[in-house]
2 protein chains.
Amino acid sequence: MEMDSRKQKILEAVVLDYIETAEPVGSRTISKKYNLGVSSATIRNEMADLEEMGLIEQPHTSAGRVPSNAGYRYYVDYLMSQSDIQEEAKQLIQQAVKDKQQQVSDVLRDSMKMLAEVTNCTTVMMLDDSKGSTLQLLQLLLVEPGKALMVIITEGDKIENRFLEIPESMTKEDLDLVSMMINQNLRGLKVDDWQRNILENIFQNLTRQRQVVDCALEMLSSILNVQGKDKKIYLDGGLNMLSQPEFKDVNKVKNLLQSLEQQEVLSQLMEGDTETGITVKIGSETGLDEVKDCSVIVASYKVKGETVGKVGLIGPTRMDYATAVSMLNTMAQTLEEAYQENE
Amino acid sequence: MEMDSRKQKILEAVVLDYIETAEPVGSRTISKKYNLGVSSATIRNEMADLEEMGLIEQPHTSAGRVPSNAGYRYYVDYLMSQSDIQEEAKQLIQQAVKDKQQQVSDVLRDSMKMLAEVTNCTTVMMLDDSKGSTLQLLQLLLVEPGKALMVIITEGDKIENRFLEIPESMTKEDLDLVSMMINQNLRGLKVDDWQRNILENIFQNLTRQRQVVDCALEMLSSILNVQGKDKKIYLDGGLNMLSQPEFKDVNKVKNLLQSLEQQEVLSQLMEGDTETGITVKIGSETGLDEVKDCSVIVASYKVKGETVGKVGLIGPTRMDYATAVSMLNTMAQTLEEAYQENE
DNA sequence: TGTTAGCACTCGAATAAAAAGAGTGCTAAC
DNA sequence: GTTAGCACTCTTTTTATTCGAGTGCTAACA
């Protein structure tokens, strides 16, 4: 059995109506609301076919049809129109970005909040610092004898602070010297590009400050590395989904939200093909039992061809994919632009 | 009508049983479970009295009794025994604090998480930076021409970073000079102690760097001030309450959790008599309609006689006050000790 | 005078039965 | 190929009924 244009229209109608009403949709509804020019009986026949194809299903005998995961998939892949919301979304997001003259991460957070509100979903943002995290500036500050603060600015104006134990005898001048050396030699380089033995050579004449250099490098490396490893993840709008009828059961809600609090879960949800730009995972496609009733949309954004972060949207499988994809898309684009300007 | 010892025992029984079971408790239950040596009929009479006094109430005619807010109040003020849990709590908390060799704020967060888990409540911690926020170290770093990073360390090792637009012509040396001057003159002082006109004098000979000084001072002041104004608040275990039967309704949950996401709400909940150490607000005593079914317990902890932070616990009015108060108490104490060691 | 057993009464909760409705699948006619 | 019609299914809603926990009151008792 193959898909003809009428079947497509009917499937689309089922998906759209279900997204809107959260109720199983019957043949009568479709023939009335979406004027396909055929009677409900005809639609019933077609629906039986669609069900056989696994695209829709009945919760029980005397109920209307509901899209299956495969149905959503088909809708997302072939039926969904994206452009209609684009303009509106773009304006909303761009405004949010421009409204604030802040650090990028703050803007991001604000945008995500807005996105969560508009879509009534939970949003996730993940800064994959490992890729773009080249050293821009490092400075060691003497806080008090024996204690220094290491300030690290990596590309993209991300700042890290870390306290450091140092020998009591170290002076401000020693620290300045070390800072300068490190800056001179490592500025603009990625961690991956360091080579321990070369560094050894460079710093070997800093005998007096040797201890601090070692320690600082150690930390620096761990910071830049760690940033990549367990990436920074922010979540917003976790409560939004509570308005959706599929989460009227408290236990379900609790489980879901608790899952989303675990970084590993989020990490897995957010992984996907970073090349294609946007990934849609529907229900069980997420591969996680905890969120099998949810869908996830992930967009990654790049700077200079490298993925530096991802933004994601988590909602019930019955979510408004068209709007969500559009908005995420626009979001990613806008962020890329914002980043570029910032360089 | 006044309170005799038997009435107290009965009230206590009602409170304890209701805390345990979350079901209205009847006279029969009390006479059986808590052996007061009198029959259920007698208890019924007494309960009628207690109801008249406003300490307990009936959800409906044929149900058992439930403590009223006033009933809880009486229990907390006169009946509650606190010592029993103390030792256990102390060990749990102290272990949590000692487990980690981290910055104070991290330890705090961990302890709060643990507290939330044990009590099945939501915990809040509030760092009242305003009090202790004297300047410890300030340094301006030249990131690139026209752009500087201001690093500020305030007492208690709290770090703030802020980017700064500066004239393109400014050099690293200029910034160092400014940093040094600011440090020399403001180190160890609170914002309140600055006096604009005196500063004017001090810095008036820095004509070349004038613009940066102004800007930096402006920011510095705003940072130190703001830290005091809207205090840093961390929340943990927001989901814990979902296990409680009083929150089986999703809408209630949503409203509650959304309220708790608002800083103003939390701020108001956490305010109270900082002198007495611990404050218990029951139900409507919180003064907030959003949380009228909740109780809040707040403990403040002090360093050198000044309140530097508060830890709070939010749960349903039917919460285990005895345990909660004990644990919070211990928590506050342990934190004070930890702080003192840290100094 | 305080305590207790006994009992009628109340009112929510649980259970059962009945009715209503929505939607389907199938058949036969167009 | 399309459609009207109809019997059938299964959920939801409604209504009625029963059940039971707990009370308040009264009268007897120590």
Side-chain angles (χ1 to χ4, degrees), chain A residues 1-11 13-15 17-18 20-68 71 245-246 248-249, chain B residues 1-11 13-15 17-18 20-68 71 245-246 248-249:
Chain A
M1 182 158 321
E2 81 276 12
M3 208 67 174
D4 56 26
S5 145
R6 191 168 66 188
K7 279 196 177 53
Q8 288 191 329
K9 286 213 182 79
I10 292 175
L11 175 59
V14 172
V15 172
D17 207 74
Y18 186 62
E20 188 187 339
T21 64
E23 298 287 333
V25 7
S27 53
R28 227 178 115 73
T29 313
I30 293 186
S31 88
K32 281 199 163 175
K33 204 161 156 187
Y34 307 79
N35 41 343
L36 305 186
V38 287
S39 78
S40 67
T42 311
I43 292 180
R44 271 205 290 286
N45 287 330
E46 297 283 40
M47 279 168 100
D49 290 350
L50 285 170
E51 179 156 19
E52 207 176 312
M53 295 161 76
L55 296 174
I56 57 181
E57 48 200 21
Q58 282 182 289
H60 54 263
T61 335
S62 72
R65 302 306 211 291
V66 161
S68 67
E246 25 268 281
K248 63 181 188 302
D249 175 34
Chain B
M1 183 156 323
E2 81 275 12
M3 208 67 173
D4 55 26
S5 144
R6 190 167 69 188
K7 280 196 176 54
Q8 288 190 329
K9 287 213 182 79
I10 292 176
L11 174 58
V14 172
V15 172
D17 207 73
Y18 186 61
E20 187 188 337
T21 65
E23 298 287 332
V25 8
S27 54
R28 228 179 113 74
T29 314
I30 293 186
S31 89
K32 280 199 166 177
K33 204 160 156 188
Y34 307 81
N35 41 344
L36 305 187
V38 287
S39 78
S40 66
T42 310
I43 293 180
R44 271 205 290 287
N45 287 329
E46 297 282 42
M47 279 168 100
D49 290 350
L50 286 171
E51 179 156 19
E52 205 176 312
M53 294 161 77
L55 296 174
I56 57 181
E57 47 199 22
Q58 282 182 289
H60 54 263
T61 332
S62 72
R65 302 304 212 293
V66 160
S68 68
E246 25 268 281
K248 64 181 190 304
D249 175 33

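Just so it is clear, the values below take in all heavy atoms, side chains as well, and ignore hydrogens, waters and symmetry mates. Order of the sequence lines sets the chain letters (A, B, ...), proteins ahead of strands, with each chain counted from 1.
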Engineer: Is A/R44 close to A/R28 at the side-chain level, that is, under 4.5 Å between some pair of heavy atoms?
Structural biologist: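 A side-chain contact is absent here, since even the closest heavy-atom pair is not under 4.5 Å.
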
Engineer: State whether the side chain of B/T21 and the backbone N or O of B/D17 hold a donor-acceptor pair below 3.5 Å, judged by distance alone.
Structural biologist: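 Such a contact is found between B/T21 side chain and B/D17 backbone.
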
Engineer: Any donor and acceptor pair, going by atom type alone, linking the side chain of A/S68 with main-chain N or O of A/G54 inside 3.5 Å?
Structural biologist: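 Here the side-chain-to-backbone pair exists.
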
Engineer: Expected output is a numbered-order residue list: members of residues 32-45 of chain A with a heavy atom under 4.0 Å from any atom of DNA chain C. What is it?
Structural biologist: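 Contacting residues: A/R44.
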
Engineer: Check whether any side-chain N or O of B/E51 sits under 3.5 Å from a backbone N or O of B/E57 as a donor-acceptor pair, and report yes or no.
Structural biologist: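 A pair under 3.5 Å: no.
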
Engineer: Would you kindly give the OH-to-P distance between A/Y18 and C/dG23, to the nearest whole Å?
Structural biologist: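 Result: 14 Å.
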
Engineer: Would you say B/K248 has more than 12 foreign heavy atoms packed within less than 6.0 Å of its NZ?
Structural biologist: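 For B/K248, atom NZ is not crowded (no more than 12 foreign heavy atoms under 6.0 Å).
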
Engineer: Can you confirm whether A/I30 sits close enough to A/M47 that some side-chain heavy atom of one is under 4.5 Å from a side-chain heavy atom of the other?
Structural biologist: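 Yes, at least one pair of side-chain atoms sits under 4.5 Å.
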
Engineer: Only counting residues at least two apart or in another chain, list the ones meeting side chain to side chain contact (heavy atoms under 4.5 Å, CB included) with B/K7.
Structural biologist: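 Here the qualifying residues are B/M1, B/M3, B/D4, B/E46, B/D49, B/L50, B/M53.
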
Engineer: What stems show up for DNA chain C when you take Watson-Crick pairs (N1-N3 plus N6-O4 or O6-N4) and G-U wobbles (N1-O2, O6-N3), both under 3.5 Å, and require three or more consecutive pairs?
Structural biologist: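 Stems found: C:1-30 with D:1-30.
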
Engineer: Where along residues 46-62 of chain A does a heavy atom come under 4.0 Å from DNA chain D, residue by residue in number order?
Structural biologist: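 Those residues whose heavy atoms fall under 4.0 Å from DNA chain D, taken from residues 46-62 of chain A in numerical order, are A/H60, A/T61, A/S62.
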
Engineer: Do B/Q58 and B/P24 come within less than 4.5 Å of each other through their side chains, counting heavy atoms only?
Structural biologist: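 Counting from C-beta outward, B/Q58 and B/P24 never come under 4.5 Å.
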
Engineer: Reckon A/R28 has a side-chain N or O less than 4.0 Å from the OP1 or OP2 of D/dT3?
Structural biologist: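 No.
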
Engineer: Holding to salt bridge (Lys or Arg N to Asp or Glu O under 4.0 Å), I want the full list of residues that pass it with B/E23, two or more places apart in sequence or in another chain.
Structural biologist: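 Applying salt bridge (Lys or Arg N to Asp or Glu O under 4.0 Å) to B/E23 gives none.
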
Engineer: Find the distance B/R65:CZ to C/dG12:C1' and express it as a whole number of Å.
Structural biologist: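 Rounded to the whole Å, the gap is 16 Å.
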
Engineer: Figure out the CG/C1' separation between A/D4 and D/dT2, and round it to whole Å.
Structural biologist: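 Rounded to whole Å, this separation is 14 Å.
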
Engineer: Using side chain to side chain contact (heavy atoms under 4.5 Å, CB included) as the criterion, list what pairs up with B/S39, not counting sequence neighbours.
Structural biologist: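 For B/S39 the side chain to side chain contact (heavy atoms under 4.5 Å, CB included) partners, ignoring immediate neighbours, are B/A41, B/T42.
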
